[in-house]
Every structure is written in structure tokens, then in C-alpha cells.
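Contents: one structure, followed by commentary.
Numbered from 1 within each chain, the chains take letters A, B, ... in sequence-line order.
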There are 2 protein chains.
Amino acid sequence: MVTMSDVARAAGVSVMTVSNVLNGRSNVGADTRLRVLEVVEELGYEINLTARRLRSGRTGTIGLIVPQFDLHYYGELASRISEALAPEGMHLVVEQSGASRERELSALSLARLQQYDGVLLSAVGLDMADLDRIHPDVPIVLLGEQAVPERYHRVRMSNVAGARLATEHLIDRGARRVAVLGGKLSAAHPEMATYRADGWSRALEEAGLPPDPGLVIPLRTYSIAEARGAIADALAGGTEIDGIFAVTDEVAIGALAGLHDAGLRVPDDVQLAGFDNLGISEHLVPGLTTIDPDHAAMVTAALRLLRRQLEDRTAEPEHVVSDVRLIVRGTTRAHGDSVPSA
Amino acid sequence: MVTMSDVARAAGVSVMTVSNVLNGRSNVGADTRLRVLEVVEELGYEINLTARRLRSGRTGTIGLIVPQFDLHYYGELASRISEALAPEGMHLVVEQSGASRERELSALSLARLQQYDGVLLSAVGLDMADLDRIHPDVPIVLLGEQAVPERYHRVRMSNVAGARLATEHLIDRGARRVAVLGGKLSAAHPEMATYRADGWSRALEEAGLPPDPGLVIPLRTYSIAEARGAIADALAGGTEIDGIFAVTDEVAIGALAGLHDAGLRVPDDVQLAGFDNLGISEHLVPGLTTIDPDHAAMVTAALRLLRRQLEDRTAEPEHVVSDVRLIVRGTTRAHGDSVPSA
DNA sequence: ATGAAAGCGCTAACAC
DNA sequence: GTGTTAGCGCTTTCAT
């Protein structure tokens with residue numbers, strides 16, 4: 001392994017000069033700089049980031065912690081953030097917290113957080129108390145939907161509004177028995193599933209349709225397979241449904257399969273709307289009606305909040321709520337279609 | 001920030017004893033250990049991994065470098081690897097190399113690689129020459145399909161065999177004009193797309209059907225959207241097709257949409273097979289016929305190769321090829337169905 | 001414009 | 001069982 005002092009010796013300068021050259025500081029003579037760079041090239045020297053980090057504290061790396069790599073939403077999120085950081089000369093690494101409180105807490109240990117200049121945290125298993133216990137000296141921006149202590153900087157979507165929009169749309173297009181797939185009623189600590197079930201129930205109430213608890217179909221993992229099975233079970237159990245608001249697009253994909261299993265046509269027999277507007281949703285057959293949370297704006301906001309903290313550790317916590325809009329595609333009917341006889 | 005020497009002072013022992021306790025070494029008295037742990041708890045001390053790494057070289061972290069976070073294949077891969085590492089007390093972080101040679105080379109800089117105990121590299125943009133230039137002292141296992149220098153440890157799939165299986169199956173079920181979506185004929189340096197096009201053309205030849213270069217539909221990004229557009233273009237250009245072998249499932253999803261756009265039914269008018277057996281593929285409507293590369297075996301093999309190098313830096317390079325099998329689902333016809341008139 | 005000294009927080013190696 | 005010493009490779013600080 002070639003070190004800075006190897007380079008210094010070979011170039012006949014001090015380590016400090018090599019360091020200055022490599023960090024682009026202006027206090028180095030032009031010819032000295034050139035000679036150092038030549039030697040660096042020749043010896044194949046590369047900086048030891050661990051040593052730099054220990055001494056300077058700076059890492060140039062942002063950490064993104066997500067519950068699961070294989071939920072499409074997080075893949076897309078990571079991709080977007082990575083692309084947005086690249087031009088700033090920062091660099092993203094992604095960790096999976098595993099969706100369990102334990103693994104999430106370990107991912108959030110000071111030890112692990114310290115390794116980053118800043119952390120974007122998409123936590124689902126943690127509650128208020130957990131988050132309140134953490135006092136890292138690393139800037140953190142929370143991405144997500146659960147309730148969090150005031151002091152956190154945070155970006156989230158308009159969950160309730162989005163769920164309401166989707167459900168209203170289903171009702172508007174003729175659905176009367178709208179299930180909420182993946183919804184959860186009044187949990188101990190509110191989270192994505194409760195907010196979105198909330199929007200669903202408000203839309204129903206406003207339309208004069210009492211929310212039927214039998215139409216709340218809870219999920220645990222929000223995987224496609226689980227959603228497909230849950231729909232099958234609900235239908236087998238005799239639940240009558242002519243519309244489904246799926247709390248995520250991933251879940252909606254499972255619903256699409258489950259409905260097909262049961263011989264029901266979408267949108268003729270059952271209409272369907274999701275939430276997230278994943279890249280794939282546009283390309284399903286039929287295309288998935290969904291709620292778009294303006295991903296680009298969320299990423300921009302998250303990085304702005306992070307940068308603010310990077311520049312000023314005492315920056316006031318900010319709480320950004322991203323607007324949502326409805327994207328109508330083939331899983332809901334065109335306006336004016338009649339209500340199906342089923 | 002609390003350091004080890006703060007703990008040592010408060011516990012009335014030396015730093016070394018604290019270090020020994022925290023590393024679970026057995027040369028510490030029971031009461032001393034207890035006292036140290038109490039102080040650790042009390043002060044909220046957590047180890048500085050950067051300092052440990054600089055001193056000991058060990059990081060406890062494995063790096064996975066993938067071209068893109070938002071291709072589903074890589075999300076699933078990352079998830080599987082992360083889960084497999086957790087019980088070994090190791091911990092995965094994932095980086096995106098961005099699919100361009102430049103970004104990939106920078107992700108492979110010594111500086112970045114050094115940060116990990118080992119690296120799993122899924123490179124697509126690099127050729128033989130690039131890979132030959134890299135001489136890291138970090139154990140690396142290559143995951144992927146391009147040609148690589150002998151000295152690399154490596155896990156890949158049976159690309160040609162898989163593509164052949166899929167194409168044979170399409171022919172067997174009555175397809176006569178089988179396109180290869182995302183295929184590439186004899187590129188300068190072979191890669192996934194060329195190997196899979198190879199399997200396609202061999203299957204055709206063996207069936208006495210000359211491979212028509214007009215049925216090779218190249219792709220650049222292998223995204224769903226690109227694949228959908230490419231199918232639309234091919235059909236609009238008058239290409240006659242009654243079967244499609246898509247080089248990845250992601251691409252097959254785009255094909256499914258493109259065929260639907262053109263009013264063609266799957267599998268009645270056009271049959272379709274993919275490659276990868278993504279989690280979602282089972283849940284498409286219709287279910288996607290595809291090639292399963294035995295993901296679990298690949299992950300196991302990759303980690304075995306990595307562990308071998310971790311234990312013995314001079315371990316002989318090994319080259320594991322994972323078997324593939326055909327998974328028949330709804331995008332291809334049942335046996336004995338007639339060839340469509342179209 | 002260049003360099004010497006000190007030290008970031010930890011662990012390897014060796015004493016006792 | 002516990003402590004002392006040295007030093008990982010870099011950057012901060014300060015001197016020249």
C-alpha cells in the first residue's frame with residue numbers, strides 16, 4: 001500500500017505539500033504541484049479515506065437507510081437521491097434496516113451514523129420513543145410517514161390528502177364498496193397505513209358512504225405476494241368489493257393479480273387505485289391509476305434540509321410536506337361509465 | 001463525543017481494558033468487565049468505527065456495487081445478500097455505479113474499495129481492460145456476465161443455456177418468428193445481451209429456423225419504458241413477430257405493455273418469455289414465463305467465494321456458474337395449442 | 001510557498 | 001488480568 005509519505009519522499013517534498021496538492025489548496029507552487037501529481041500517478045497512490053475521515057471528520061458520503069432494498073419504492077428513491085448527489089461531489093451509500101425495530105435501531109447506532117456526513121432515514125419500525133432516544137451529532141433528515149419528535153428535519157407526502165383523492169376518484173367513477181388494501185385503523189402510533197386509511201375513510205364519509213371496517217384489509221409486509229393473497233382471502237370470505245384503494249402501488253400490483261385470480265375484470269368489475277406512482281405502474285396492463293407524490297420535489301427538499309444542517313448544525317428543524325396529484329390510468333373507469341351490475 | 005479514554009477514566013481502568021471488554025476478549029476479570037459496561041451505558045459511549053478501521057483494517061462491512069438501484073434485479077440481489085450477511089455479523093452497504101464506465105471506474109477506485117472488507121461487484125460498463133487495470137488488495141467477487149480476467153473470483157448464470165431454454169420453449173409452443181428483445185449480436189466485448197442473443201440464435205438454428213437479424217431488437221438501458229417503445233417501433237415498422245424472448249424480466253414487462261398497446265394478445269397472438277424470474281414476474285397478468293437463475297445459490301456461492309478470500313488472500317480464483325431452469329407461466333401457451341393464424 | 005509537530009480514536013504487541 | 005507503548009495515514013495548526 002502506497003501512503004502519502006511514500007509520495008512525499010519520492011517527490012522530495014513534505015507530506016503536507018502532497019496533502020495540499022491533493023486537496024486542491026492554492027498554496028502550492030505550480031511546478032511542485034506538477035511533480036507531486038506525476039509521482040502520485042507513477043506510484044498509483046490513492047488517498048486513504050479512513051485516515052482522512054478520522055482526522056478531519058469529513059467523509060463525502062451520505063447514508064440512506066431504507067427498510068428493504070426489494071420494495072420498488074426504495075430502489076427508485078435511492079436512485080434519484082444518488083443521481084442528485086453526484087453533481088455535488090457527494091456520494092450515496094444505501095443500507096437496509098430490515099424493517100424490524102431491532103435492525104433499524106442498530107442501523108441507527110451512533111457508531112454507524114458517524115460514518116456519514118449526513119443521513120437520510122426512511123424508518124418504518126421506529127416509534128416516537130425510539131427516535132427520541134437518538135441524539136446523533138450527524139445531520140439527519142427523516143423521510144417518511146410516521147409521527148416523529150419535533151426536533152427532526154423531515155420530508156413526507158400528503159398521505160391523507162392523497163388517499164382521499166384516490167378514494168374520491170374511485171367513488172366518482174362509480175365504486176360504492178371500496179376496500180382499503182393495506183389500511184390500518186387507529187394504531188398505537190400512526191404510520192403510513194393509518195394515514196392512508198384515514199384519507200380513505202374521510203372520502204367515504206364525505207360521499208355519504210359509511211366506512212365499513214370489513215373493507216379494511218390489513219397487511220404486514222406490503223409485498224406483492226401478500227397483497228395478492230389478502231385479496232384472494234377477502235373475496236373468498238364473501239366480501240363484496242367494487243373498488244380497491246391500495247395503500248401502495250406495490251400492493252396494487254398484488255391486488256391486480258388477486259382480482260384476476262378470482263375472475264374479476266379491472267376496471268369493469270372492480271376499480272383499483274394505488275399510491276406512489278412507481279416507474280412500473282405506468283406500464284402495467286391496464287395502467288395503474290395512482291397518486292403521484294412528486295418524487296423529484298421530495299428529493300430536492302430532502303437534500304436541501306440536509307445541506308442546511310451541514311452548513312449550520314443549529315438550523316431550525318423544518319418539516320416539508322410534498323403535494324400529491326392524481327394520475328388516472330386504466331384501472332379506473334372513464335368518466336360517465338355506468339356502475340356495474342355486480 | 002465520548003471516547004474510549006473517557007470511559008477508561010470514569011471506570012478507573014486503562015483504555016486497553018475497555019477495548020478488550022468491547023471486543024469480547026476473554027482476558028478481563030468479571031467485575032472489571034461489568035464496571036466497564038456500566039460506564040459505557042452511563043456515558044452512552046459508542047465505538048468509533050473509523051478509528052478502529054484505521055488501526056485494525058477490519059471494517060465489518062461488505063460493499064455491493066450495482067449499476068442502478070432502480071432495476072428490480074439489483075434491488076432483489078441487494079436484499080438477498082444483506083439478509084445472508086446479517087447472521088454472520090457482517091453488514092452490507094450498496095453503492096450505485098451509474099452504468100457508465102466513468103462512474104463505475106470511480107466506484108472502483110482503491111480509495112472507495114478500501115473502505116470495505118470485501119466487495120461484490122456487479123459491473124456492466126467495464127471491459128476486460130478496465131478490470132485488468134484494477135489491482136485492489138480488497139477481496140472482490142464479480143457478479144455478472146461480461147468477460148473478465150482469469151484472476152477474478154466470479155459468479156454468473158448460464159446465460160446461453162438459459163436463453164436457449166427460453167427460446168426453445170417458445171418454439172416448442174408454436175412460435176416461429178421469435179424476436180430477441182434487448183439482444184445484441186457479436187459486440188466488441190461480450191456481455192449479458194450478447195450471450196443471451198447467442199442462446200436465442202442457437203435455439204433457432206437447432207430448430208431449423210434461421211435467426212433473422214431483423215428480429216434482434218437492441219436496447220440501451222433495459223428499462224421498462226425503453227422496451228415498451230422498442231416493441232412499438234418494431235411492430236409499427238412492420239416486423240412480424242409471434243414470440244419474444246426478452247433478455248430480462250424487466251424488459252419483458254415493457255414488452256407486455258408494448259404488445260397490449262398494439263392490440264396484440266399474450267400469449268394468443270404473441271408469446272413471451274423473460275430471464276431473471278423477478279419477484280414481480282409471478283404476479284403479472286398473465287404470469288411471466290421466464291428463466292430462473294437460482295438466486296439463492298448465486299448469493300451463497302458469492303459469499304463463499306468472498307469468505308474464502310477473506311480467510312486466504314491467495315486463494316485460487318474460482319468461477320461459479322449457476323444453473324438455470326425454465327419457469328412456465330401464462331405468457332406462453334399450453335402444450336399442444338395450435339399455431340395462431342396470424 | 002513549504003514544512004515540522006501533534007494528534008484524531010483506536011488496537012497490536014508486548015510487558016508485567 | 002491489566003497497563004504501556006507505539007502507530008495506523010492523514011489533516012490541523014503553526015512556524016518559517
When the distance from [atom1] of [X] to [atom2] of [N] is rounded to whole Å, what number comes out?
X       : N     : atom1 : atom2 : value
A:Arg58 : C:dC8 : CZ    : C1'   : 16 Å
B:Met1  : C:dC8 : CE    : P     : 12 Å
A:Met4  : D:dC8 : CE    : P     : 15 Å

Open item on the list: Holding to side-chain hydrogen bond (donor to acceptor under 3.5 Å, both in side chains), I want the full list of residues that pass it with B:Glu88, two or more places apart in sequence or in another chain.
Closed with: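 B:Glu88 satisfies side-chain hydrogen bond (donor to acceptor under 3.5 Å, both in side chains) with B:Arg307 once adjacent residues are dropped.
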According to a strict under-4.0 Å criterion, is [X] in side-chain N/O contact with OP1 or OP2 of [N]?
X       : N      : answer
B:Ser19 : C:dC10 : no
B:Thr17 : D:dG3  : yes
B:Asn23 : C:dT11 : yes

Report all side-chain donor-acceptor pairs from residues 25-35 of chain B shorter than 3.5 Å, counting only partners two or more places apart or in another chain.
| unit_1 | atom_1 | unit_2 | atom_2 | d |
| --- | --- | --- | --- | --- |
| B:Arg25 | NH1 | B:Asn20 | OD1 | 2.9 |
| B:Arg33 | NH2 | B:Arg25 | O | 3.2 |
| B:Arg35 | NH1 | B:Ala11 | O | 2.4 |

*State, to the nearest 10°, the angle formed by the axis through the first five base pairs of the helix from C:dA1-D:dT16 to C:dC16-D:dG1 and the axis through its last five.*
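Here the local axes at opposite ends form an angle of 30°.
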query: When we call it a touch if two heavy atoms are under 4.0 Å apart, what does A:Val13 touch: a base, just sugar-phosphate, or nothing?
result: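 Sugar-phosphate only.
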Near DNA chain D, which residues from residues 44-54 of chain B have a heavy atom under 4.0 Å away?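 Of all residues in residues 44-54 of chain B, the ones placing a heavy atom under 4.0 Å from DNA chain D are B:Leu54.
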* Asked: A:Ile65 and side-chain contact (heavy atoms from CB on, under 4.5 Å): which partner among A:Val94, A:Leu108, A:Leu120, A:Val93?
  ->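 Option passing the side-chain contact (heavy atoms from CB on, under 4.5 Å) with A:Ile65: A:Leu108.
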Measure all distances between protein nitrogen or oxygen atoms and nitrogen or oxygen atoms of nucleotides 12-16 of chain C, and list the pairs falling under 3.5 Å.
| unit_1 | atom_1 | unit_2 | atom_2 | d |
| --- | --- | --- | --- | --- |
| C:dA12 | OP2 | B:Arg25 | NH2 | 3.3 |

Notebook entry, point to check: Can a donor-acceptor pair be found between the side chains of B:Asp117 and B:Thr59 at a distance below 3.5 Å?
Noted result: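 Result is yes, a qualifying pair exists.
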Output the residues of residues 29-38 of chain B in contact with DNA chain C, where contact means a heavy atom of the residue under 4.0 Å from an atom of the strand; sort by number or write none.
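The answer is none.
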